[in-house]
Amino acid sequence: MAATTSTAASNLLTTKKHLSSLSLTSTNNFPAFYPLPTSSRRQRFIVLSASLNSKPTVLIAEKLGEAGINLLKDFANVDCSYNLSPDELCTKISLCDAIIVRSGTKVNREVFESSGGRLKVVGRAGVGIDNVDLAAATEHGCLVVNAPTANTVAAAEHGIALLAAMARNVAQADASVKAGKWQRNKYVGVSLVGKTLAVMGFGKVGSEVARRAKGLGMHVIAHDPYAPADRARAIGVELVSFDEAIATADFISLHMPLTPATAKILNDENFAKMKKGVRIVNVARGGVIDEDALVRALDAGIVTQAALDVFTVEPPPQDSKLVQHERVTVTPHLGASTMEAQEGVAIEIAEAVVGALKGELASTAVNAPMVPAEVLSELKPFVELAEKLGRLAVQLVSGGSGVKDVKVTYASARAPDDLDTRVLRAMIIKGLIEPISSVFVNLVNADFSAKQRGLRISEERILLDGSPESPLDFIQVQIAHVESKFASAISETGEIKVEGRVKDGIPHLTKVGSFEVDVSLEGSIILCRQVDQPGMIGKVGSVLGEENVNVSFMSVGRIAPRKQAVMAIGVDEQPSKETLKKIGEIPAIEEFVFLKL
Ligand SMILES: NC(=O)c1ccc[n+]([C@@H]2O[C@H](COP(=O)([O-])OP(=O)(O)OC[C@H]3O[C@@H](n4cnc5c(N)ncnc54)[C@H](O)[C@@H]3O)[C@@H](O)[C@H]2O)c1
Ligand SMILES: O=C(O)[C@H](O)COP(=O)(O)O
């Protein structure tokens, strides 16, 4: 057995310009995209319809900066129709090759179905694509592109504006003066200087908020299990645990994406851990707060004030107790709404849409990583395996010094020249980044996205003896210098380690930490560490069965009989919190974790 090592980081592209687009040629003058299949997307060959002879039509459905509109007009017929009803949108869409929206327009399955196959590009002039049905887009051969960077500073500035306005009761005092009152004693505020601000989510927006808050004389701490600690230290911010952040902060500012792990992360249980009198700002996504719990925390005096730009349902109901609360300041999702940001976003999205209509794959393409068909046919299950191992590994991280050093090992009997691992590396990066951020990774931007987040991916090849029929024997992903929410995932050498193989064309998880397991990577997975003893599979299975959660696969890996064992359980549905709690309460179970694939 021989090993060769190379460092992907050294090959990384260093400027965004270098990777802004990549052209593919195809037959009959039409550009072509090959989106990678994942378990949730049907594989499909996408052909864009912007023929070389006719100008495409772009519908701009929400207000867009002039510079972007002008850029589009050079290339396409532009129809600016704002405030369309859903029916009007469905009628118009059949005449359009592309549509550009912000967060206010729902581009749902009906829109794609109504387009009669003509719609080929959806441009989201901003970051979040919560309002675009991605699965429907991919099924209809439609590329979705977004503009992820141009509104970062605007969002951070809005966070700071809300922080200061809340502390000094600006909105409430303004309404009071306009109502003919002069209540100087009622609206005495609190100072920001010297106060502790906890920035929850230290990504693009969070780090800009932290920088600005330092300038205001605040003591800034941050919680982000995946952000590199040295990046935080460089701007004088200490990364702390979730509990420490919320327990010590005078102000909490939310900047994490909405994911299954962050949904309602501020809930009754966590409000109860906060310092009495805490003030909360949210310019991320409404869903990260349990809004009913926030009303209870405000009424109980745990939370003194809140300032919210985003809501679970937008616009929120007019009679919402939260919106109407006297100590809550609200804005209608204005984080990205500055002249400058909207000009920047307009240019970013116009360039991406024009590029896509010309057949280039933008670095901001959300649903179409691109793989040549001949590569895909052989590597398809390994491509899926790579993404899923990345997703599993990152979900096992609980803290430490951030996700920084990732080592990928490919074991294969193929000579290194016969196995192009570029796609696999991109898919591992996709799996590592997408569950924890607002970034979408494709083949064009994968290495750049990794570099931007401070991720160093080193790759190792293990050359196996034997027949090289299958491209790979196993793939292993290790994350160093981190803690895990499932201690058994840490290997003897101290890294989080997951390993997988393809069996009968299906990706399988075959190793977690030092434990051998065997579970097919479909649906989701529960990992439990237990004292090996009879009846454990039955006990866990019946807890899941009580809630009608279908078990697809179970396997137990153990060190020795009657010692510790790790049980991997594949489930088709997501168990409720109560069901997971019941699993944790089974006496022999020492730890467990639920992982979404
Ligand atoms: N209000 C607005 O108009 C507006 C504008 C821009 C962005 N946003 C929202 O702001 C949020 C942040 O955007 P961004 O561009 O900074 O995203 P980003 O991906 O750059 O940063 C998100 C950070 O959150 C961290 N994170 C993930 N899970 C976490 C967890 N459980 N706990 C703590 N941290 C966690 C990630 O590691 C990452 O560093 C997103 O929700 C985005 O949609 C809102
Ligand atoms: O996701 C985003 O980019 C922000 O939330 C801004 O959304 P908007 O473009 O609708 O203002």
Side-chain angles (χ1 to χ4, degrees), residues 61-65 100-105 123-132 146-159 161-162 198-210 222-228 231-232 239-243 245-246 252-266 270 281-289 307-311 314-315 330-338 341-342 344-346 348-349 364 366 394-395 397-399 402-404 432-441 449 452-455 485:
E62 288 180 71
K63 199 161 169 12
L64 193 73
I100 295 183
V101 296
R102 285 178 66 184
S103 58
T105 306
R124 160 60 168 113
V127 186
I129 44 132
D130 339 29
N131 52 322
V132 180
N146 73 349
T149 54
N151 65 26
T152 296
V153 166
E157 287 180 350
H158 196 59
L162 287 178
V199 171
M200 311 298 282
F202 197 74
K204 294 191 290 294
V205 179
S207 54
E208 291 299 328
V209 165
H223 169 68
D224 187 328
Y226 318 104
R231 286 205 171 181
L239 286 179
V240 299
S241 69
F242 180 84
D243 281 356
I246 62 169
I252 294 174
S253 194
L254 299 171
H255 301 289
M256 61 257 276
L258 178 59
T259 67
T262 62
K264 295 193 177 177
I265 197 163
L266 294 199
N270 288 327
V281 175
N282 188 8
V283 294
R285 282 293 179 263
V288 300
I289 297 182
L308 311 170
D309 184 45
V310 283
F311 304 88
E314 294 186 1
V330 287
T331 50
H333 201 145
L334 288 182
S337 295
T338 63
Q342 283 311 307
V345 163
E348 200 176 347
I349 202 62
T364 58
V366 163
V394 78
Q395 287 180 74
V397 173
S398 67
V403 179
K404 217 162 90 176
L432 287 167
I433 291 182
E434 286 191 353
I436 57 158
S437 84
S438 56
V439 172
F440 294 91
V441 176
S449 303
Q452 243 189 350
R453 293 189 57 88
L455 264 181
K485 54 180 76 149

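Numbering of ligands and ligand atoms starts at 1, following listing order. Just so you know, these numbers use all the heavy atoms, side chains as well, and skip hydrogens, waters and symmetry mates.
- The shortest contact between atom 17 (O) of ligand 1 and any protein heavy atom is with S438 OG, 2.8 Å.
- Using a non-hydrogen distance threshold of 4.0 Å, A261 does not register as a contact of ligand 1.
- The shortest N/O to N/O separation between A336 and ligand 1 falls below 3.5 Å.
- When all heavy atoms of V439 and E434 are compared, the pair lying nearest together is O-CG, 3.5 Å.
- If you look at V205 next to ligand 1, the close heavy atoms, those under 4.0 Å, come from the backbone and the side chain alike.
- R285 meets the salt bridge (charged side-chain N to carboxylate O under 4.0 Å, His left out) test with D130; sequence neighbours excluded.
- No side-chain donor-acceptor contact under 3.5 Å links T262 to the backbone of I265.
- Counting protein heavy atoms only, atom 29 (C) of ligand 1 is closest to Y226 CE1, 3.8 Å.
- Taking a 4.0 Å cut-off on heavy atoms, M200 fails to register as neighbouring ligand 1.
- Using modelled atom types, no side-chain atom of S253 and backbone atom of V199 make a donor-acceptor pair closer than 3.5 Å.
- Atom 38 (C) of ligand 1 has its closest protein heavy atom at D224 OD2, 3.4 Å.
- Of all the heavy atoms in I246 and N270, the pair that sits closest is CD1-O, 3.5 Å.
- Closest to atom 44 (C) of ligand 1, if we only count protein heavy atoms, is V283 O, 3.0 Å.
- Close contacts of ligand 1 with H223, meaning ligand atoms under 4.0 Å from a residue heavy atom, involve 32 (N), 33 (C), 34 (N).
- Taking a heavy-atom cut-off of under 4.0 Å, ligand 2 is surrounded by R102, S103, R124, A125, G126, V127, G128, N151, R285, H333, A336.
- The backbone N or O of L239 sits nowhere less than 3.5 Å from a side-chain atom of D224 that would complete a donor-acceptor pair.
- Residue nearest to atom 15 (O) of ligand 1, selected from E434, Q452, K204, E208: K204 (by heavy-atom distance).
- The contact set between ligand 1 and P225, taken as ligand atoms under 4.0 Å from a residue heavy atom, comprises 32 (N), 33 (C), 34 (N).
- Near S437, meaning under 4.0 Å from one of its heavy atoms, ligand 1 places the atoms 19 (O).
- Each of the following atoms of ligand 1 lies closer than 4.0 Å to a heavy atom of R285: 41 (O), 43 (O), 44 (C).
- Judged purely by atom type and a 3.5 angstrom limit, K485 uses its side chain to pair as donor or acceptor with the backbone of Q395.
- Close contacts of ligand 1 with A155, meaning ligand atoms under 4.0 Å from a residue heavy atom, involve 5 (C), 6 (C).
- For the atom pair I289 CD1 and L254 CG, the distance stands at 5.0 Å (nearest 0.5 Å).
- Nearest protein neighbour of atom 24 (O) of ligand 1, counting heavy atoms only, is P257 CD, 3.3 Å.
- At a threshold of 4.5 Å between non-hydrogen side-chain atoms, the residues F311 and H333 do not count as touching.
- Side-chain atoms of E348 come within 3.5 Å of backbone N or O of A150 as a donor-acceptor pair.
- Ranking the protein heavy atoms by distance from atom 27 (C) of ligand 1 puts I436 O, 2.9 Å first.
- Here the options are L258, V310, L266, the test is side chain to side chain contact (heavy atoms under 4.5 Å, CB included), and the partner is V288; only L258 passes.
- Ligand 1 places these atoms under 4.0 Å from at least one heavy atom of F202: 39 (O).
- Here the side chain of H255 pairs no donor or acceptor atom with the backbone of F202 at under 3.5 angstrom.
- Contact between H158 and ligand 1 is absent, with no heavy atom of the residue lying under 4.0 Å from the ligand.
- Counting all heavy atoms, side chain and backbone alike, A125 lies closest to L64 at CB-CD1, 3.7 Å.
- Side-chain contact, D309 with T331: a donor N or O sits under 3.5 Å from an acceptor N or O.
- Here the closest non-hydrogen pair linking P228 and G454 is CG-CA, 4.5 Å.
- Of all the heavy atoms in P257 and I436, the pair that sits closest is CG-O, 3.5 Å.
- Backbone and side-chain nitrogen or oxygen atoms of P148 are examined, and none is located within less than 3.5 angstrom of a nitrogen or oxygen of ligand 1.
- In terms of protein heavy-atom proximity, atom 6 (C) of ligand 1 is nearest to N151 OD1, 3.4 Å.
- Atoms of ligand 1 found under 4.0 Å from any heavy atom of H333 (numbered from 1 in listed order, with element): 1 (N), 2 (C), 3 (O).
- Among protein heavy atoms, the minimum distance from atom 30 (C) of ligand 1 is reached at T262 CG2, 3.9 Å.
- When side chains are defined from C-beta on, S207 does not count as touching R231, because their heavy atoms never get closer than 4.5 Å.
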